[in-house]
Each structure stands twice: as C-alpha cells, then as structure tokens.
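Below is one structure, written out as structure tokens, with a few remarks after it.
The figures here come from the full heavy-atom set of this structure, side chains too, leaving out hydrogens, waters and symmetry mates. Treat the numbers as computed from the prediction; the structure is a model and nothing was measured.
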Amino acid sequence: SFVPCRPPQPRLTRLDLGRASEVHNNIGDLSAAGGESALRLFRVAELGGVPLDLKITNTTVFRPAAVEDIGLVGGGGGVLAVNLQQGTSATLRFQLVASGTNYPVQGHFFFSFLHVGEKEDGTLKQSVKIRTEASDFWVTPDAHLETNEPSGNMSFIVLASSTPKVSEPLEEIDPLHMSSVEEQQSFSILVAGRSGFEATLSVEPGRGRGDFGLAGGASTVADGERHMLPFGVEADVRVVTAREMEAVTGTSGDASASTYDDA
C-alpha cells in the first residue's frame, strides 16, 4: 500500500554575526570613512559553499545617537549593537548577499532582536515592527512583550511592556546563552525562502537613547514558544518572547525539527 512520505525539512543557514571577517559601517552615509551606503558584515554565513554577507540599509531617515557605537559587541562578538535617538524610528532592510556583491541569496535563517525594553523611569520604550513576511517567531512564555499583527502584509509589532526594564548592557549579552531577563527582552523570527526582510525600530521620547541588539541565532528559540504565521493572512495576536538554538546548542526545543546547512 502507498505510504505518504513526510516532506524534507528545510535546511537552515547558520547566521553567526560573531564570525564576521570585517564590518563596514556607513549606514545612511553617516560615516566619514565613506564607501558603500550600508552596514555590511562580511562572511557571517555560508550556503552551498558560497560565503554570505549580511547587508543592512536604511529605507527611511536613520538618526543614530552615536554612529561610532554601531558594531559588534556581546559574548563572542555575536551581537550587533544599533542605537537610535530618543523619539525617532528607522526602517532597515536586512539582506543576505553573496560576499562582496549585492546579489541576494535566498535561504532559511533565524534572526533575533535583543534588548527590547524601556528605561527604569518608564521612558524610551522600544518597539520592533517586522514589515515583511516571516514564517514563525519565538518568544519565551514569561516574556513581557506584546505582539500585534494589524496588517495584511503579515507585519507584526513587538512592544516592550511596562515590566521589562533594560538593565544589562549589550556588551554582556551572549545571544546563545541569555539569562531569563535577557530573554524576556528578546524575540526571534524565522525567515524562510527569502533573502531578507524589513524591520522598523522605534524609540519613544525619554532621556538618553535606544539601544537594540541584533543577532542570528539566540537561546530564545530553544527556550521559547513557537508561533506560526500563515502568509498573506491578516492577524491580530498578542504574545510574549522566545528562544532558538536547539539546532545550534543541541538542547531541546522546537528547533529540533530543523537542520543547519553549515558548510
């Protein structure tokens, strides 16, 4: 008799910002060094033997509080720190391209946003809006983030609630081994069959600046809850935050159903 076969699981491309061989930072043409108008991390992934760069460009006005502080930090250099002036927002395009080129390369990869919170005085509340389709996202059950998907473009917004206070500096965060507090201020998405996505980072008015952490894989996927997003369908949901690394660390979690293409 006929026995249907389970379709093969897509292979995930391991996106590790800490392995960048070089960082070029002239996003928004704000660097005196000049060159390509982008923030490019060279050779942070590999797919089918082809080294890949992560290229980040701004599609709206980008107002960093300190452009010189944009760069790799955190445990093993695996966190990309990006800052914004208070009371501003910026839409950024994140894209995987063949190294040294602008040729997009489609794949399946995790991307994580860290340090999404607010100051102790309740100001500088940060938010992230994913503006293009993502297939899944992960948040930890005890996270204090609110997610809302108001549009038919499958965009969704992650807002810091009044509970998670940003206290740990980005420099001390290891995305693969985050504390419970750090996970409460993070979420991860799965970008499937695409070369990239767009996200809007926003910071409400307050004293100081907004600091966001960006990473590929994060412990959010292994420790968090998986939420699936059907493409092209309007949705309105409220959730919390996640953890990703079963495929990387070997710990239990939803990522077990996936495998990495780690050539």
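- Nearest approach of Leu72 to Leu17, heavy atoms of both residues: CD1-O, 3.5 Å.
- The main-chain N or O of Gly100 is found under 3.5 Å from a side-chain atom of Asp53 such that the two form a donor-acceptor pair.
- Summarising the geometry, atom CZ belonging to Phe137 is positioned 13.5 Å from atom CZ belonging to Phe110; distances are rounded to the nearest 0.5 Å.
- For Gln86 (side chain) and Gly206 (main-chain N/O), a donor-acceptor pair under 3.5 Å exists by modelled atom type.
- Within the cation-pi definition used here (under 6.0 Å to the ring centroid, within 45° of the axis), Arg40 qualifies as a partner of Phe42.
- Annotation for Val23 and Ala20: closest pair CG2-CB, 4.4 Å, computed over non-hydrogen atoms.
- If you take CZ on Phe94 and CD1 on Ile130, they are separated by 7.5 Å, rounding to the nearest 0.5 Å.
- Using a distance-only test at 3.5 Å, with no hydrogens or angles considered, no donor-acceptor pair links the side chain of Asn58 to the main chain of Leu92.
- Cluster annotation: Val97 is not connected to Val44 through the hydrophobic network of ILVMFWY side chains, with a link wherever side-chain heavy atoms come within less than 4.5 Å.
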Requested in this report: Evaluate the side chain to side chain contact (heavy atoms under 4.5 Å, CB included) criterion for residues Asp136 and Ile189: first the C-alpha distance (whole Å), next the side-chain angles of each, then the deciding distance (0.1 Å), finally the verdict.
Outcome: CA-CA 6 Å; Asp136 305 76; Ile189 65 172; over 6 Å; no
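- A donor-acceptor pair under 3.5 Å is absent between the side-chain atoms of Asn83 and the main chain of Gly210, judged by distance alone.
- A side-chain donor-acceptor contact under 3.5 Å links Gln95 and Ser195.
- When side chains are defined from C-beta on, Leu96 counts as touching Leu15, because their heavy atoms get closer than 4.5 Å.
- The CG atom of Leu47 lies 11.0 Å from the CZ atom of Phe109; values are rounded to the nearest 0.5 Å.
- Glu22 and Arg43 are not joined by a salt bridge, as no carboxylate oxygen comes within less than 4.0 angstrom of a charged side-chain nitrogen.
- With hydrogens and angles disregarded, no donor-acceptor distance shorter than 3.5 Å links the side chain of Gln185 to the backbone of Glu182.
- Contact between Val203 and Gln126 at its shortest, heavy atoms only, is CG2-CG, 4.3 Å.
- Ala215 approaches Pro175 most closely through the heavy-atom pair CB-CB, 3.9 Å.
- Between Leu114 and Ser112 there is a side-chain heavy-atom pair separated by less than 4.5 Å.
- Remark: the backbone N or O of Arg209 is not paired with any side-chain donor or acceptor of Gln85 at under 3.5 angstrom.
- Rounded to the nearest 0.5 angstrom, Glu36 CD and Asp29 CG are separated by 10.0 Å.
- From Glu171, atom CD reaches atom CG of Asp211 across 8.0 Å, with rounding to the nearest 0.5 Å.
- Cluster annotation: Val191 and Val50 are assigned to the same hydrophobic cluster (Ile/Leu/Val/Met/Phe/Trp/Tyr, side-chain heavy-atom contacts under 4.5 Å, transitive).
- Between Leu41 and Leu80, some side-chain heavy-atom pair lies under the 4.5 Å cut-off.
- Residue Lys55 holds its NZ atom at 11.0 Å from CD1 of Ile27, rounded to the nearest 0.5 Å.
- In this structure, the side chains of Leu84 and Phe212 come closer than 4.5 Å at one or more pairs of heavy atoms.
- Taking the six-membered ring where tryptophan is involved, the planes of Phe187 and Phe113 are essentially parallel, since the angle between them stays under 30° and well short of 60°.
- Residues Phe62 and Thr57 are not in side-chain contact: their nearest non-hydrogen atoms beyond the backbone lie 4.5 Å or more apart.
- A heavy-atom distance below 4.5 Å is found between the side chains of Ile173 and His115.
- The backbone N or O of Leu30 lies less than 3.5 Å from a partner atom in the side chain of Asn26, making a donor-acceptor pair.
- Although no hydrogens or angles enter the test, the distance criterion places no donor-acceptor pair under 3.5 Å between the side chain of Ser202 and the main chain of Ser89.
- In terms of heavy atoms, Ala218 sits closest to Met178 at CB-CE, 4.0 Å.
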